[in-house]
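Heads up, the thing below is written out as structure tokens.
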Amino acid sequence: MGNNTRPAGMASACPASSGTASRCAHCGAGLTAPPPGARTGAAAATVRCELCHRMTRVDWRGGLGMGEGGVGGGTLEPSSWAASSVVRRDVPAGYPFVPGRKRALLVGVSYRGTSYELEGTVNDVDCMRRLLGESFGFPGESILVLTEKLGDDDPSRLPTRENLLRAMRWLVEGCDAGDSLVFHFSGHGVQKLDVKGDEVDGYNEALCPQDFEQSGKILDDEINETIVRPLGHGVKLHAIVDTCHSGTILDLPFLCRLSRTGYLQWENYSRRPELAKGTSGGLAISISGCSDDQKSADSSGFSSEKAASIGAMTYSFVKAVESEPGTTYGRLLGTMRSTIREGQGSGRRLLPGRFGSFVRKMTPSGSVQEPQLCSSEMFDIYKKPFLL
């Protein structure tokens, strides 16, 4: 299959072979070390990644160092070799090449042919794609979609673990100030025991790609490293995640909770502040289907003209945005919770869970899912308008 590439930062004025090709030790982006004339005789130097802006020590003889460890006298700033600096990553030929300000990755996983198959995840993606285009001006060519249905014709569009991580890197690669990025995932979510000691509740949250039984799940730590930490100044990312156990799925440091006075307010959710889980100057916000200990549901229990089954979170999100354009984050979250509460309560039958633990249970009484809001930084949710 042929490849195309997405440049990030300044375009290269000379062939890639003029420098030493390597990879960023933090985000995996391609690095091109300065040409021999710019090395000042050193055997190694620390190179700044144009994608995540962190430092990687590169050995001119072919080795890759330990990341940001030695930023001493060998450090070379991009200005000393800007003409040859370029970040390039091969992506499948079918992926969009998007030079504009808006870019989105929409993923719907149905797990076809399994005992835990989901209905409606493709409908979730279709609803989100329509919303992004009609309400927020996202060009159709700037939206990358992964579903099993699309994967029948193009294997690179299957929501496998490898494809999903590649697509997540595509989403943030080359982003610049003023860019607006959206990541939407509809599928299964689970919890796994935390072995690093950085989770408040003792569990990591994880997304389940189509092949998670063979290739593994994608932990919140990996999601954070892939699409949160590379965000530079002026870049904005919204993650809309419709799964079970998705409250802190991006591992962002601040979680919005209801105070005793009845108002939503930020809570520092970092158990180990010394672990960098924020951005590189940008803004990351996640809106998820439920708290970390809850299961998510479809909208089959709602009385609505929409006959198609979609996720309760996706349904409530789209409805809230369309019913009140320019709403604030606080009103958006409140409206979503009210919509779900009305659909899952008031004597209506309880909705089937998204099988976060793959145990087929009905949602317990009094445990109505509550959409969650997390962010890389605190802001006034009652004043800041919701914009993508």
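Worth saying up front: this structure is predicted, and the values here are computed from it rather than measured.
- Annotation: salt bridge (Lys or Arg N to Asp or Glu O under 4.0 Å) contacts of E162 (sequence neighbours excluded): R166.
- Not a single ring-ring contact (aromatic ring centres under 6.0 Å, His included) links F138 to another residue, sequence neighbours left out.
- More than 12 heavy atoms of other residues, nucleotides or ligands shown are found within 6.0 angstrom of NZ on K102.
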### Message
As a quick check of understanding, evaluate side chain to side chain contact (heavy atoms under 4.5 Å, CB included) for M378 and E267, giving each step before the final call.
### Response
CA-CA 9 Å; M378 294 185 289; E267 174 182 307; over 6 Å; no
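- Residues N163 and L158 approach most closely at ND2-O, 2.9 Å, considering heavy atoms.
- Across every non-hydrogen atom of I249 and V241, the tightest pair is CG2-CG2, 3.8 Å.
- A centroid separation of 6.0 Å or more is found between the aromatic rings of F254 and F379.
- The two residues L164 and L146 come nearest to each other via the heavy atoms CA-CD1, 4.0 Å.
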### Task
For side chain to side chain contact (heavy atoms under 4.5 Å, CB included), just list the numbers for L207 and F212, CA-CA rounded to whole Å, side-chain angles, deciding distance to a tenth of an Å, and then say yes or no.
CA-CA 9 Å; L207 300 179; F212 73 93; over 6 Å; no
### Task
Assess whether side chain to side chain contact (heavy atoms under 4.5 Å, CB included) is satisfied between I223 and D251, documenting all intermediate values.
CA-CA 8 Å; I223 299 170; D251 251 4; over 6 Å; no
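- Applying the salt bridge (charged side-chain N to carboxylate O under 4.0 Å, His left out) test to every pair with at least one member in residues 131-147, sequence neighbours left out, gives these pairs: R130-E134.
- For E222, the salt bridge (Lys or Arg N to Asp or Glu O under 4.0 Å) partners are R161, not counting sequence neighbours.
- The same ILVMFWY cluster, assembled from side-chain heavy atoms under 4.5 Å apart, contains both L388 and I287.
- Checked against ring-ring contact (aromatic ring centres under 6.0 Å, His included), Y111 has the following partners two or more places apart in sequence or in another chain: Y116, H188.
- Side-chain contact check for L373 versus W266: some heavy-atom pair is nearer than 4.5 Å.
- Here the closest non-hydrogen pair linking A104 and W170 is O-CZ3, 3.6 Å.
- For the residue pair E148 and R112, the shortest heavy atom distance occurs at OE2-N, 3.4 Å.
- Counting only residues at least two apart or in different chains, side-chain hydrogen bond (donor to acceptor under 3.5 Å, both in side chains) contacts with residues 326-336 comprise H238-Y329, E324-R331.
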